[in-house]
**Q** 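After the structure tokens below, expect a handful of questions from me.
No experiment lies behind these values; they were computed from the predicted model shown.
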Amino acid sequence: TQLLEQSPQFLSIQEGENLTVYCNSSSVFSSLQWYRQEPGEGPVLLVTVVTGGEVKKLKRLTFQFGDARKDSSLHITAAQPGDTGLYLCCTNDYKLSFGAGTTVTVRA
Amino acid sequence: DTGVSQDPRHKITKRGQNVTFRCDPISEHNRLYWYRQTLGQGPEFLTYFQNEAQLEKSRLLSDRFSAERPKGSFSTLEIQRTEQGDSAMYLCASSLVGAGTTDTQYFGPGTRLTVL
């Protein structure tokens, strides 16, 4: 059983569309992290969210941490083919515990 | 700084053979982690070192697996008597832990193991 459940598992959209992926748990976390992984590469850290209700923006990416610190979301505005990848959320502990990820494909 | 490097990037072996992977962390990073990632899943923690000391091993790390970090710099992960279920991407990450640091883990590109 995954500690973090991510949805959807797969998402395919056209360039210019918006998308949201979710990371949910029944547990409360002090913080969560989001990584992006491209095929054949290791994950790269995008953001760490720490405060319940927090919203962080990274260019066209908006990350939100739920008020109860049990869930998080990632919203991408006007997606581009370069956004294609596996988006992973994980606990921010010394040993990271990842969800299964959402595979995002942005078609040109 | 060239980031975390791993060698080889790909390894194909026959069942029953032994394999060894190497990870070179970011210089001066004192922590080094090994994860395993199978298709359709996120990485799963295997073990980690602080300097040369191996501080924790996951139950996923059977007795066929051994990891070392002899001088507190590079690390090796050896799998003996490989099984088809060992086929996965093996990821290494490193971080700097100490006063004023955030323990952000930086991942290498991984070694993809295929056991035939």
**Q** Going from OG1 on B:Thr104 to CG on A:Asn92, what distance comes out if it is rounded to the nearest 0.5 angstrom?
**A**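 Here the rounded value is 7.5 Å.
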**Q** Tell me the residues of residues 8-38 of chain A whose non-hydrogen atoms fall below 4.5 Å from those of chain B, in number order.
**A**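 Checking residues 8-38 of chain A against chain B gives A:Tyr35, A:Gln37.
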**Q** Say you draw a straight line from CD of B:Gln41 to CG of A:Leu86; how long is it, rounded to the nearest 0.5 Å?
**A** 10.0 Å
**Q** Does B:Gln105 reach the side chain of A:Leu45, with side-chain heavy atoms less than 4.5 Å apart?
**A** no
**Q** Test salt bridge (charged side-chain N to carboxylate O under 4.0 Å, His left out) on A:Glu41 and B:Arg9 and set out the steps.
**A** CA-CA 10 Å; A:Glu41 299 296 329; B:Arg9 293 291 307 274; 3.6 Å; yes
**Q** More than 12 heavy atoms of other residues, nucleotides or ligands under 6.0 Å from CD of A:Gln80: is that the case?
**A** yes
**Q** Counting only heavy atoms closer than 4.5 Å, note whether B:Tyr106 contacts chain A via side chain, backbone, both or neither.
**A** neither
**Q** Quick check for you: to the nearest 0.5 Å, what is the distance between A:Lys95 atom NZ and B:Leu55 atom CG?
**A** 11.5 Å
**Q** Heavy-atom pairs under 4.5 Å with chain A: which of B:Glu44, B:Gln37, B:Arg31, B:His10 has the most?
**A**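 Ranked by heavy-atom pairs under 4.5 Å with chain A, first place is B:Gln37.
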**Q** Quick check on the interface: out of A:Gly101, A:Cys89, A:Pro43, A:Gly40, who has the most heavy-atom pairs with chain B under 4.5 Å?
**A**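 The option with the most such pairs is A:Pro43.
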**Q** Would you call the rings of A:Tyr94 and B:Tyr48 parallel, tilted or perpendicular, taking 30° and 60° as the class edges?
**A** tilted
**Q** Do B:Phe45 and A:Asp93 have side chains that approach each other closer than 4.5 Å (heavy atoms only, starting at C-beta)?
**A**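 No. Closest side-chain heavy atoms not under 4.5 Å.
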